[in-house]
Amino acid sequence: MYVIGTGPTELHAQIDLHHRARAVDYNATPTVLSTVQEAGHWSVVAELQTADVGEGQ
């Protein structure tokens, strides 16, 4: 699953991305694929990696 965060700065876009990722799955780990700035607005695209139950056992 992909998640996009947006904001007026890169930091705001990253924070928005993490809020959206947690809303989908609190334990998911976002992996940033792309960060773009256009016309003074930032977007960050990430893929969510969900943790499998029992992983690492």
Side-chain angles (χ1 to χ4, degrees):
M1 171 184 278
Y2 297 96
V3 178
I4 300 171
T6 61
T9 67
E10 184 179 6
L11 176 61
H12 285 95
Q14 292 280 353
I15 292 169
D16 184 48
L17 172 77
H18 285 278
H19 284 269
R20 291 173 189 247
R22 283 191 163 191
V24 171
D25 183 350
Y26 190 82
N27 294 318
T29 303
T31 302
V32 174
L33 303 174
S34 178
T35 303
V36 178
Q37 181 208 19
E38 186 171 325
H41 196 79
W42 288 85
S43 297
V44 180
V45 178
E47 183 176 10
L48 288 184
Q49 306 284 326
T50 57
D52 292 335
V53 176
E55 186 176 300
Q57 293 182 354

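Start at 1 with the first residue, then count along the sequence.
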Problem set entry | Pairs touching residues 31-48 that satisfy side-chain hydrogen bond (donor to acceptor under 3.5 Å, both in side chains), sequence neighbours left out | none
Using distance only, find each side-chain donor-acceptor pair of residues 10-21 under 3.5 Å and give its atom names and separation, not counting sequence neighbours.
from : atom 1 : to  : atom 2 : distance (Å)
H12  : ND1    : T9  : OG1    : 2.5
D16  : OD1    : R20 : NE     : 3.2
D16  : OD2    : T6  : N      : 2.9
D16  : OD2    : R20 : NE     : 2.8
D16  : OD2    : R20 : NH2    : 3.4
R20  : NE     : I4  : O      : 3.4

For this session: Determine, using the 4.5 Å side-chain heavy-atom cutoff (strictly less than), whether V24 and V45 are members of one ILVMFWY cluster.
Result: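 Cluster IDs for V24 and V45 differ.
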